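It should be emphasised that the depicted structure is a prediction, and the values quoted were computed from it without experimental measurement.
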Amino acid sequence: MEVTHYWKGFGRTDIGHVRASNQDALSLDDTLGLWIVADGMGGHAGGDVASQLAVKAIHEYIAKNKRHKTHLEAEDLADLFQAAVNHANITIRHQGKNKPELKGMGTTVVFVFMPDSNATNAFIIHVGDSRAYLIRDQQISALTRDHTLLEERIQVGLLPRTAPTNHPLGHVLTRGVGVKSTVEADISKIELQATDEILLCSDGLNKMLQDDQILAILEENQTKPGQEKCQALIDEANRLGGKDNTTTLLIQAQEVSSKPL
Ligand code: CA
């Protein structure tokens with residue numbers, strides 16, 4: 001009996017306790033190996049439209065264009081991911097031009113792509129302050145760096161890494177999808193272990209919880225199904241005030257038993 005695994009995503013989204021609408025969006029496609037979270041920009045008209053458009057455009061683009069290629073090198077994949085983000089950017093700007101009430105809308109996006117169902121590599125692509133984390137060996141580490149003025153200042157040494165996450169510059173995005181005529185996505189690759197989990201989230205989670213609190217909740221719910229872990233994170237963010245919409249998407253390896261041929 002050969003035991004193998006496949007990667008499966010679980011996701012939840014919640015309006016929170018303060019906002020009038022949920023401007024987050026998410027997409028899960030275990031077959032394609034693509035999981036996406038987007039956060040429509042608060043304060044901009046049509047944030048909920050922008051996040052939905054981005055998720056749909058990226059999913060459609062990758063599904064369509066991956067099919068034409070039998071073997072993709074990492075470089076081809078990087079081009080594919082950037083092209084998918086460009087497609088989302090153009091789609092959002094086009095809609096914004098046609099409907100005055102949606103003018104100026106934009107969104108963050110973070111997504112994970114795994115080329116094979118029992119993948120050993122994962123690619124992480126993002127624009128904005130929606131995050132990806134790796135949970136490995138009871139530790140949590142960030143796979144993305146926010147595109148915010150706060151993170152920029154930290155990176156050049158003008159502010160300490162320990163600066164509070166609710167610092168005013170933490171809310172000022174330096175990149176967004178749909179905001180300008182072009183947008184550059186950050187792309188990175190990690191080697192996967194079967195016991196890894198990847199967490200994608202909108203900043204609603206990070207406004208209420210520090211990284212070590214996120215890890216503690218995942219650990220407390222270790223034996224529960226992925227869906228319940230995602231909900232436990234949202235429940236805690238809401239218990240602490242739920243100041244923003246919160247989306248959590250957890251990707252885990254599921255064991256499958258199969259008979260040898
Ligand atoms: Ca948000």
Any heavy-atom pair between the side chains of Arg145 and Asp186 that's under 4.5 Å? no

Report the residues that fulfil side chain to side chain contact (heavy atoms under 4.5 Å, CB included) with Lys56, sequence neighbours left out, ordered by chain and then residue number. Glu60

Got a second to check how far Asn221's CG is from Gln231's CD, nearest 0.5 Å? 10.5 Å

Using the rule that Ile, Leu, Val, Met, Phe, Trp and Tyr join whenever any side-chain heavy atoms are under 4.5 Å apart, tell me whether Ile62 and Leu77 fall into a single cluster. yes

Tell me, do Val110 and Ile36 make a side-chain contact under 4.5 Å, heavy atoms counted? no

Do any pairs count as a salt bridge (charged side-chain N to carboxylate O under 4.0 Å, His left out) and have a residue in residues 153-170, sequence neighbours left out, and if so which ones? Glu151-Arg161

Flag the pair Glu197 and Arg136 as a salt bridge only when some basic side-chain nitrogen lies within less than 4.0 angstrom of an acidic carboxylate oxygen. no

Hydrogens and angles aside, do Asp39 and Ser51 bring a side-chain donor and acceptor to less than 3.5 Å of each other? no

Does atom NE2 (His17) have a neighbourhood of more than 12 heavy atoms from anything else shown, all under 6.0 Å? yes

Residues in ring-ring contact (aromatic ring centres under 6.0 Å, His included) with His59, at least two apart? none

pair Thr13-Asn22: side-chain heavy atoms closer than 4.5 Å: yes

Listed by chain and number, what are the ring-ring contact (aromatic ring centres under 6.0 Å, His included) partners of Phe81, not counting sequence neighbours? Phe113, Phe123

Can you tell me which residue pairs pass the salt bridge (charged side-chain N to carboxylate O under 4.0 Å, His left out) test with a partner in residues 214-225, sequence neighbours excluded? none

With the 4.5 Å side-chain cut-off for hydrophobic clustering, are Ile198 and Leu26 part of the same group? yes

With Ala237 via side chain to side chain contact (heavy atoms under 4.5 Å, CB included) - residues at least two apart: Leu205, Met208, Thr246

Treat each ILVMFWY residue as a node, draw an edge where side-chain heavy atoms are under 4.5 Å apart, and state whether Ile135 and Phe111 are in one component. no

Would you mind listing every ring pair (Phe, Tyr, Trp, His ring centres under 6.0 Å) that reaches into residues 180-217, with sequence neighbours excluded? none

Mind checking side chain to side chain contact (heavy atoms under 4.5 Å, CB included) for Asn86 and listing every partner two or more places apart, or none if nothing turns up? Gln82

Residues joined to Ile15 in its hydrophobic cluster, side chain to side chain under 4.5 Å directly or through other members, sorted by chain and number, are none

Lys8: which residues meet the salt bridge (charged side-chain N to carboxylate O under 4.0 Å, His left out) condition with it, sequence neighbours left out? Asp30

Residue pairs fulfilling ring pair (Phe, Tyr, Trp, His ring centres under 6.0 Å) with at least one residue in residues 142-192, sequence neighbours excluded: His126-His147

Run the salt-bridge test on Asp203 and Arg131 with the 4.0 Å N-O cut-off and return the result as yes or no. no

Hits for side chain to side chain contact (heavy atoms under 4.5 Å, CB included) against Ala88, two or more places apart or cross-chain, chain-then-number order -> Ala54, Ala57, Ile58, Val177

Among Leu240, Asn238, Leu233, the one residue meeting side-chain contact (heavy atoms from CB on, under 4.5 Å) with Glu236: Leu240

